[in-house]
Amino acid sequence: MPPTRGRPIAVKLLVLLFVPLLSLVGLWAFAAGLTGGDGMRLLSIKDLATNLADPSERVNIELQDERLFSVEFLVSGQGAAKMAKQRGETDKAVTAFRTLAKNQRDLSPEMTTQLAALNTKLDQLAEVRREVDGATVAPLDVIDGYSQIVDASFRLYDAMVLVPDMALYKQARAVTMLGEAKDVLSRERALVAVVLGKGRVEPREHEAFTGMVATRRLLFSQALSHLDRDLRGPYARLAESSVYKEFLDAEDAIRGQAATNGLPVTAATWPVDGQNLWAAVERNQALAVKSLVNRVTPTAIGMLIKIGVAGGVGLIAVIASIMFSLRFRKRLVRELAGLRDAATELAEVRLSGLVKRLRTNTAPPTAEEVAPIEVKSHTSEVRDIVQAFNDVQSTAVAAAVSQARLRHGVSQVFVNLARRNQSLLHRQLLQLDSMERATEEPEVLADLFKLDHLTTRMRRHAESLIILSDQAPGRGWRNPVPILDVLRAAVAEVEEYERVEILQPPPVALLGAVVTDVAHLMAELIENATLFSPPQTRVDLRTSTTPHGLMIEVEDRGLGLVRAELDELNERLAKMPEFDLAQSDRLGLFVVSRLAARHGIKVTLAPSPYGGLTAMASLPQSLLADQPVMSGR
């Protein structure tokens with residue numbers, strides 16, 4: 001006898017939705033009441049600006065000046081009086097800041113932590129000064145000592161700008177980034193003083209200055225893109241001004257200097273260029289902070305007015321909604337929860353396990369794997385959904401089995417074709433080798449070498465199909481092979497092998513069983529480097545030992561990749577995704593991930609200092625031989 005049908009779920013939903021529709025106004029008022037605290041927090045931001053932001057910004061300005069004077073004193077031995085006077089100004093600013101900070105109440109836990117961290121850094125100022133007075137510290141270390149104090153103040157600003165209004169938050173965060181860019185500009189000015197004092201750009205100063213320039217330009221451009229029209233105006237005009245362009249030229253000139261070269265004639269204008277830009281940036285930053293603080297009060301008042309208008313008349317409706325809904329909620333929720341659990345088990349456990357099993361075993365599903373789901377229910381619609389899920393399960397299982405068989409068939413086709421091609425190409429290579437030995441004519445020999453190289457590349461592509469089918473290539477070595485020979489073999493399988501330069505590797509060898517796969521993996525990485533970089537550039541191949549094995553780096557000078565795409569590629573290399581026929585344009589990526597997973601090799605892509613990419617392959621110690629020996633097949 002078929003089970004009786006329960007009440008339609010449409011009736012229950014109608015009852016459940018009827019009361020919430022009546023209580024919509026009350027729920028809106030309730031939500032507005034929850035946001036009342038946001039308006040009060042906005043009003044308190046002005047006090048934070050008075051007691052924390054403004055005095056700490058004053059401290060930063062004095063520290064920036066003191067940093068410059070301290071560095072000038074170290075490199076020239078002059079300006080002690082000016083430095084001592086500036087220290088007095090800094091101490092006054094620090095005292096005023098600490099006095100006002102003690103009066104600030106109701107700080108969030110994060111702000112309290114950052115304020116304590118800033119006070120700790122300020123206590124370290126005396127130690128920095130003693131090192132400067134004793135001339136026992138390098139100028140770069142002095143710059144870093146002052147920078148740590150200023151960085152602590154910016155972390156305090158980050159905690160302060162967590163305002164509830166999203167538009168205002170974005171503007172506050174952008175202004176904070178501009179302040180960080182301003183401090184990096186101050187560090188650059190101090191480093192310029194070091195360079196002028198020495199009369200040349202040392203490698204350490206060159207590296208530090210290059211990092212500062214990149215950081216300042218990045219912060220400035222990102223902040224400018226988030227500012228609204230009113231706040232962006234002065235900075236946009238500054239970016240187009242001759243003052244800013246002259247300083248950019250000065251930055252580029254310093255970055256282009258080497259330690260052995262003297263400074264150019266234009267070096268005399270570098271401090272002036274920095275001072276001119278500093279004055280403009282300091283003026284714009286003060287105006288931006290003042291304009292931002294002036295926006296806080298009107299925004300908070302407007303929010304409180306809206307909350308007051310909304311009212312609290314929804315409370316009675318909410319109570320009525322709860323009382324009417326509780327009568328129907330318990331049974332329906334229990335049925336839907338059972339349906340949810342059954343569907344979740346079907347999707348995440350049973351079907352997932354079946355699909356995973358079919359990847360390696362195409363045998364028909366067992367009765368346990370395709371058992372229908374069962375849910376105890378008195379609602380006809382829920383029962384219909386259960387039946388629909390069972391129908392979906394049958395269709396999904398049939399499709400999964402069909403796809404598994406198709407994938408297995410395609411894999412076998414790949415292997416058969418690749419094995420045949422591999423055999424023919426091996427015979428062709430032997431024939432070419434015999435012809436190369438038999439001829440002495442340079443032109444004929446050159447053509448034979450080209451054919452040999454093309455055949456070698458064709459053999460690698462045939463082996464790629466075998467690897468994608470989870471099979472091992474036929475080639476192999478019995479004895480360990482020096483890593484230099486392995487890298488040379490990899491380069492020989494790349495079309496533009498002339499552009500690849502192998503730097504002298506350490507004296508290590510690979511186990512014979514992994515030589516073919518490692519050479520194939522490196523050939524794919526090297527070929528990508530040559531394909532995605534200008535033809536006139538070179539590709540460097542570096543090798544170094546690590547505590548865990550061997551690191552091989554392939555560095556090109558191409559255009560690089562955006563961060564999102566780079567992260568996606570690294571994720572694929574780490575997880576070894578299943579080969580997708582629809583993505584055959586990235587065949588090499590799948591081959592690399594398969595080979596890396598097979599031998600425990602970690603392959604990652606990272607930006608290159610030259611603007612391109614660096615592919616890093618980390619070989620574990622288990623793949624290396626104790627001593628390098630002569631290779632033998």
Cationic N near anionic O, under 4.0 Å, R200 to E205: no
Between I601 and V518, is there a side-chain heavy-atom distance shorter than 4.5 Å? yes
Quick check: do R563 and P607 have side-chain heavy atoms less than 4.5 Å from each other? yes
Between T537 (side chain only) and S533 (backbone N and O only), is there a donor and an acceptor less than 3.5 Å apart? no
Checking R255 against E251 for the salt bridge (charged side-chain N to carboxylate O under 4.0 Å, His left out) test, could you report, in this order, the C-alpha distance in whole Å, the side-chain angles of both residues, the deciding distance, and whether it holds? CA-CA 6 Å; R255 289 194 302 171; E251 286 181 331; over 6 Å; no
Side-chain heavy-atom pair V592, L525 within 4.5 angstrom cut-off: yes
Could D252 and R217 be called an ion pair, given the rule that one side-chain N must be under 4.0 Å from one carboxylate O? yes
Give, for atom CG of L156 and atom CD of Q114, the distance between the pair rounded to the nearest 0.5 Å. 7.0 Å
Can you give me the closest heavy-atom contact between A509 and P480, atom names plus distance? CB-CB, 4.1 Å
Do the non-hydrogen side-chain atoms of L613 and F532 ever get within less than 4.5 Å of each other? no
Is Q148 atom CD crowded by more than 12 heavy atoms from other residues, nucleotides or ligands, each under 6.0 Å away? yes
Less than 4.0 Å between a side-chain N and a carboxylate O, is that true for E202 and K198? no
Just so I know, are the side chains of L573 and T604 near enough to count as touching, which here means a heavy-atom distance under 4.5 Å? no
So CD of Q536 and CZ of R557: to nearest 0.5 Å the spacing works out to 11.5 Å
Closest non-hydrogen atom pair, V481 against D485: CG1-CB, 3.7 Å
For T530 and R499, which I'm curious about, is there any donor-acceptor pair between the side chains at under 3.5 Å? no
To check you understand the geometry: which heavy-atom pair defines the closest contact between P139 and V75, and what is its length? CG-CG1, 4.0 Å
Run the side chain to side chain contact (heavy atoms under 4.5 Å, CB included) check on L541 and E501 step by step: do they pass? CA-CA 6 Å; L541 197 58; E501 181 174 346; over 6 Å; no
Determine, step by step, whether F247 and E188 satisfy the side chain to side chain contact (heavy atoms under 4.5 Å, CB included) criterion, reporting the C-alpha distance in whole Å, the side-chain angles of both residues, the deciding distance to 0.1 Å, and the verdict. CA-CA 11 Å; F247 187 75; E188 289 185 58; 3.7 Å; yes
Given V514, which of L624, L623, V486, L521 fulfils the side-chain contact (heavy atoms from CB on, under 4.5 Å) condition? L623
Would you give the length of the straight line joining atom CG of L178 to atom CG of L224, rounded to the nearest 0.5 angstrom? 7.0 Å
How far does CG of L619 sit from NE2 of H599, to the nearest 0.5 angstrom? 9.5 Å
Could you check E180 against R155 for salt bridge (charged side-chain N to carboxylate O under 4.0 Å, His left out), going step by step and ending with a plain yes or no? CA-CA 10 Å; E180 292 182 273; R155 302 295 73 79; 3.1 Å; yes
Sort out for me which residue in L487, V554, I526 forms a side-chain contact (heavy atoms from CB on, under 4.5 Å) with V500. I526
Go through M212 and L191 one step at a time and tell me if the side chain to side chain contact (heavy atoms under 4.5 Å, CB included) criterion holds. CA-CA 10 Å; M212 292 177 185; L191 197 51; 4.0 Å; yes
Would you please say whether a donor-acceptor pair under 3.5 Å links the side chains of S186 and R67? yes
Nearest heavy-atom pair of L140 and A208: which atoms, and what distance? CD2-CB, 3.9 Å
From CA spacing to verdict: side chain to side chain contact (heavy atoms under 4.5 Å, CB included), V201, F209: CA-CA 10 Å; V201 182; F209 190 84; over 6 Å; no
One should read off an interatomic distance between T516 OG1 and L510 CG, to the nearest 0.5 angstrom, of 10.5 Å
May I ask you to say whether R187 pairs ionically with D151, meaning some side-chain N is under 4.0 Å from a carboxylate O? yes
Beyond-backbone contact of D183 with F154, side-chain heavy atoms, under 4.5 angstrom: yes
Between D540 (side chain) and E555 (backbone), is there a donor-acceptor pair under 3.5 Å? no
Quick one, E568 and E571 - any side-chain contact, counting heavy atoms below 4.5 Å? no
Using every non-hydrogen atom in the two residues, find where Y497 and V491 come nearest and quote the distance to one decimal. CB-O, 3.2 Å
Is the number of heavy atoms from other residues, nucleotides or ligands within 6.0 Å of CG (L559) greater than 12? no
Does the side chain of I552 come within less than 4.5 Å of S544's, by heavy atoms? no
Where do V603 and A596 come nearest, in terms of heavy atoms and distance? CG2-CB, 4.0 Å
D141 vs R204, salt bridge (charged side-chain N to carboxylate O under 4.0 Å, His left out): CA-CA, chis, key distance, verdict: CA-CA 11 Å; D141 295 331; R204 188 183 176 197; 2.9 Å; yes
Under 3.5 Å: donor-acceptor pair, side chain of D517, backbone of L595: no
Which value, rounded to the nearest 0.5 Å, describes the distance between L605 atom CG and N570 atom CG? 5.0 Å
Strictly distance-based, threshold 3.5 Å: is any side-chain N or O of H226 a donor or acceptor partner for the main-chain N or O of Q222? yes
